[in-house]
Amino acid sequence: MPTQAPPRHGQGSSAPGCPHTPPRSPGSANRRRIERRRSQSQYPHLYFGGHETTANTLIWSLFLLSLSEEWRARLELEARAVLEGPVEDHAARLVETKAVIEEAMRLYPPVASMSRQAIGPDDLAGKRIRKNSLVIVSQWVLHRHRLLWDKPDCFDPRRFLPGSREKIDRFAYLPFGAGPRVCIGASFSLQEASDYPRPYRAVVFL
Ligand code: HEM
C-alpha cells in the first residue's frame, strides 16, 4: 500500500525533497502577500516623495536666484570654477550652490509639515497631549520663526555657508525631518540638487 511520508523538518512544498528549504509556517503565504502589498504601497511615496520634493527645491532656488543679482553672480562664478574640475568633486565643491539650496528649503520647505498621532498621553513643552491626539510639527512655521532666525523672511544663503551653518540648531531646521523617520534620501537629494549648475546656468544666466 503506497504511503506518504510526512514532510521532513525544513522541507517546503515548493522544493520537495530539498532539506535546505527553510520551514514555512501555515500563514506565511498570506504574510508574504501582505508584505508585498505593503511594499507596493511605498512605491508612490518613494516616487513622488523622492522626485517632487527635489523638483520643488530646484524651482524655488531658481525663483529666489531670479530675485538676487548678487547670488546669481556668485553661483555663476562657482559653477565656472567647479565645472572645470572632476565630476566626482562637484557636490563637495559647490558650497555656495548648496547654501542657496538649503536657504530655499528653509523659506519654502518642500515638506511643509509632519504629523504624528500620540500612542499614549504625554507632556510636550508643558502642554498635555492626550492619547490619539494629532501632533503637527510645521517646518514652514519653524523655518520662519523670529526667535530662531535673524531676518527670517529674508533670502540670505550666508546662513548656510561654512562657519554659520554649524550654529543652526539641529531642531530649528528640519527640511528632511529628524529622528527615526528622518528622510533616507536627504544626502542623495542634496547632492542631486547641488549638482545642477548647468540648468542654473541655462535658465538663469543665459
Ligand atoms: C528635497 C528633497 C526631499 C525632502 C525635502 C524630503 C523630506 C522628507 C521628510 C520631511 C521626511 C520625514 C517625514 C516625517 O517624518 O513624517 C521624509 C521621509 C522620507 N523620505 Fe524624503 N525628502 C526628500 C527627498 C527624498 C528622496 C530623494 C527619497 C528617496 C530616494 C526620499 C525618501 C524618503 C522616505 C522613504 C522617507 C520615509 C522614511 C521613514 O519613514 O522611515 N526622500 N522626507
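For ligands, and for the atoms within them, numbers begin at 1 and follow the listed sequence.
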Among Gln191, Arg181, Glu52, Met105, closest by heavy atom to atom 12 (C) of ligand 1 is Arg181
Tell me which protein heavy atom sits closest to atom 36 (C) of ligand 1, plus the residue, atom name and distance to 0.1 Å.
His45 NE2, 3.5 Å
Quick one: look up the protein heavy atom nearest atom 10 (C) of ligand 1 and list residue, atom name and how far away it is.
Pro175 O, 3.3 Å
Lys/Arg N to Asp/Glu carboxylate O, Arg106 vs Glu102, below 4.0 Å
no
So, do Ile59 and Tyr108 sit near enough that their side-chain heavy atoms are less than 4.5 Å apart?
no
Give me the nearest non-hydrogen protein atom to atom 14 (C) of ligand 1 as residue plus atom name, then the distance to 0.1 Å.
Arg116 NH2, 3.4 Å
Is there a salt bridge (charged side-chain N to carboxylate O under 4.0 Å, His left out) between Glu35 and Arg31 once you walk through the steps?
CA-CA 6 Å; Glu35 280 306 314; Arg31 260 209 303 279; over 6 Å; no
Protein contact to atom 11 (C) of ligand 1 [nearest heavy atom, distance to 0.1 Å]
Phe176 O, 3.9 Å
Which of the ligand 1 atoms, numbered from 1, are nearer than 4.0 Å to a heavy atom of Phe188:
27 (C)
With a 4.0 Å cut-off, would you call Asp153 and Arg144 a salt bridge?
yes
Provide the number and element of each atom of ligand 1 under 4.0 Å from a heavy atom of Thr57.
1 (C)
Could you find the nearest protein heavy atom to atom 23 (C) of ligand 1 and give me its residue, atom name and distance?
Thr53 OG1, 3.4 Å
Under 4.0 angstrom from ligand 1, any heavy atom of Glu192?
no
Report the member of Ala104, Pro180, Cys183 with the shortest heavy-atom distance to atom 8 (C) of ligand 1.
Cys183
Does the side-chain hydrogen bond (donor to acceptor under 3.5 Å, both in side chains) test come out yes or no for Thr97 and Glu78, once each step is laid out?
CA-CA 8 Å; Thr97 307; Glu78 185 175 74; 2.6 Å; yes
Residues Arg74, Glu70: salt bridge by 4.0 Å N-O rule
yes
For residues Arg181 and Arg116, determine if any side-chain heavy atom of one lies less than 4.5 Å from a side-chain heavy atom of the other.
yes
shortest atom 26 (C) of ligand 1-to-protein heavy-atom contact is with Gly50 CA, 3.4 Å
Gln139: heavy atom below 4.0 Å from ligand 1, yes or no?
yes
Can you give me the closest heavy-atom contact between Lys98 and Leu190, atom names plus distance?
CE-CD1, 3.9 Å
Nearest protein heavy atom to atom 29 (C) of ligand 1, by residue and atom, and its distance?
Leu46 CD2, 3.8 Å
So the atoms of ligand 1 within less than 4.0 Å of a heavy atom of Gly177 turn out to be 10 (C)
Examine Arg146 relative to Trp149 and say whether NZ or CZ is less than 6.0 Å from the centre of the six-membered ring and inside a 45° cone about the ring axis.
no
Tightest non-hydrogen contact, residues Trp140 and Leu107, listed as CZ3-O, 3.3 Å
What atoms of ligand 1 come within less than 4.0 Å of a heavy atom belonging to Ile184?
32 (C), 33 (C), 34 (C), 35 (C)
